[in-house]
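Right, one structure below, let's go through it.
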Protein chains: 2
Amino acid sequence: MNTKLSHTDIKQLLSDHGLKSTSQRIVIYGVLNSLATHPTTEEVYSCIRDEHPSISLATVYKTLETFVSVGICRKVMSKSGTMRYDRNVSDHGHIYCENTEEIIDYEDSELDALLADYFSRKKISNLKIKEIKIQINGDKIDLRKKIQVL
Amino acid sequence: MNTKLSHTDIKQLLSDHGLKSTSQRIVIYGVLNSLATHPTTEEVYSCIRDEHPSISLATVYKTLETFVSVGICRKVMSKSGTMRYDRNVSDHGHIYCENTEEIIDYEDSELDALLADYFSRKKISNLKIKEIKIQINGDKIDLRKKIQVL
DNA sequence: GTGCTTGCAAACCGTTTGCAAGGAT
DNA sequence: ATCCTTGCAAACGGTTTGCAAGCAC
């Protein structure tokens, strides 16, 4: 799922999406891809700062936005209203842990099928549906344990 | 659904929820209740300003937050990250129109039943589910026509 | 060489806060 | 009389912007 990508892989990915491969973009994409979480811009920035102190926060903002615009990552909104980035571009829902603030991916083909079937029957007139997302809000019971999807 | 409430009705509602009925709260709740949309704080404020210029923006912020905390309205996040308020406290999903920025309520008991059934079978371990929300993103086809739910 | 990308600092905007005055119970 | 609520203005935090220098192509 989050395979570690080489420099060359990332260069390829960027140019495949019509982006110049600058060193900043390569570093930023590398970090985003390596994180299992849904980091904020600041979080990405602080992961980078030690090794690449010359990359500015503004560049991280702009770069992540560029990635979203070409479709190599997504933007998710946290409950508090700050944006978080998600390297998982496939269609999926999110679990919002209210006590830990975590956002966890939720993917299940059965659910997808269920919703696709439901919405093919129920029509919402005058609307072209582009995306259907599930948001599950809850509390993590044992704070030390990972949430297991499925 | 959004019956017009009298002054006295609102006073009653406020005290039922343990809130002092100040004139500001009555005005703000009245506006929120009368709007069919999901207004931002600024929108509520500008609806009020003409008739009640002495009510400050900060009060509108604080008051709406108070309403959420006692459960007489809800907070929804718009795509851009600004908060919007929803007088509909019953469990329901939202339709996000990407071309008009509108947020429209979506309620259907069949969908609720479908999801309840699905999640009673699928277990997410280590999570206590508190709420499941559906978000439908799409484009309004005819900008002049209202979206009809169902 | 050209046009996109970067770094910097300042501006921005929605929201929150501290505090003193005012008001509901 | 008490404690909550309000208005004001200042602060805040995340994000965006304008611009000059730098870099990929």
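Remember, it's a predicted structure, so these values are computed and weren't measured experimentally. Numbers restart at 1 for each chain; the letters A, B, ... are given by sequence-line order, proteins then strands.
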**Asked** Do any of residues 71-83 of chain A sit with a heavy atom less than 4.0 Å from DNA chain D, and if so which?
**Response** T82(A), M83(A)

**Asked** Salt bridge between R121(B) and E110(A), side-chain N to carboxylate O under 4.0 Å?
**Response** yes

**Request:** Side-chain contact test, heavy atoms from C-beta onward, threshold under 4.5 Å: evaluate it for F67(A) versus L19(A) and give yes or no.
**Result:** yes

**Asked** Looking at residues at least two apart in the chain, or sitting in another chain, which of them share a salt bridge (charged side-chain N to carboxylate O under 4.0 Å, His left out) with R84(A)?
**Response** E43(A)

**All salt bridge (charged side-chain N to carboxylate O under 4.0 Å, His left out) counterparts of D139(A), not counting sequence neighbours** = K130(B)

**Item:** Pairwise 5' ranking along DNA chain C for S21(B) and L57(B), keeping only the more 5' one
**Value:** L57(B)

**Asked** Can you find a side-chain donor-acceptor pair between S109(B) and D112(B) that sits under 3.5 Å?
**Response** no

**Fill in**
Separation of dG22(D) atom C1' from I55(A) atom CD1, nearest Å, is 14 Å

**Message:** Once you measure the plane-to-plane angle for Y106(A) and F119(B), does it fall in the parallel (<30°), tilted (30-60°) or perpendicular (>60°) bin?
**Reply:** tilted

**Message:** Assess, by modelled atom type and distance only, whether the side chains of T40(B) and E42(B) contain a donor and an acceptor separated by less than 3.5 Å.
**Reply:** no

Give me the distances for all protein-to-nucleotides 3-5 of chain D N/O pairs that come in under 3.5 Å?
from, atom 1, to, atom 2, distance (Å)
dC4(D), O4', K20(B), NZ, 3.0
dT5(D), OP1, R25(B), NH1, 2.9
dT5(D), OP1, R25(B), NH2, 2.7
dT5(D), O5', R25(B), NH2, 3.2

**Request:** For DNA chain C, note the earliest and the latest nucleotide, 5' to 3', having some atom under 4.0 Å of a heavy atom belonging to chain B.
**Result:** dG14(C) to dT25(C)

**Item:** Rounded distance (Å) that lies between atom C1' of dG13(D) and atom CD of E42(A)
**Value:** 9 Å

**Asked** What residue pairs, at least two apart or across chains, pass ring-ring contact (aromatic ring centres under 6.0 Å, His included) with a residue in residues 81-104 of chain B?
**Response** H38(B)-H94(B), H92(B)-H94(B)

**Prompt:** What integer distance in Å separates R84(A):CZ from dT15(D):C1'?
**Reply:** 15 Å

**Request:** Verify whether one side chain among D142(B) and N126(A) offers a donor that lies under 3.5 Å from an acceptor in the other.
**Result:** no

**Message:** Need to verify one output field. Residue with the more 5' nearest nucleotide on DNA chain C, T63(A) or T41(B)?
**Reply:** T63(A)

**Message:** How many whole angstroms separate atom CG of L14(A) from atom C1' of dA24(D)?
**Reply:** 12 Å

**Message:** Considering every strand and a 4.0 Å limit on heavy-atom distances, what is the contact class for T40(B): base, sugar-phosphate, or nothing?
**Reply:** nothing

**Asked** Without hydrogens or angle criteria, can the side chains of S90(B) and E107(B) be said to hold a donor-acceptor pair below 3.5 Å?
**Response** yes

**Message:** Less than 3.5 Å apart, any donor N or O on the side chain of T63(B) or T66(B) sitting next to an acceptor on the other?
**Reply:** no

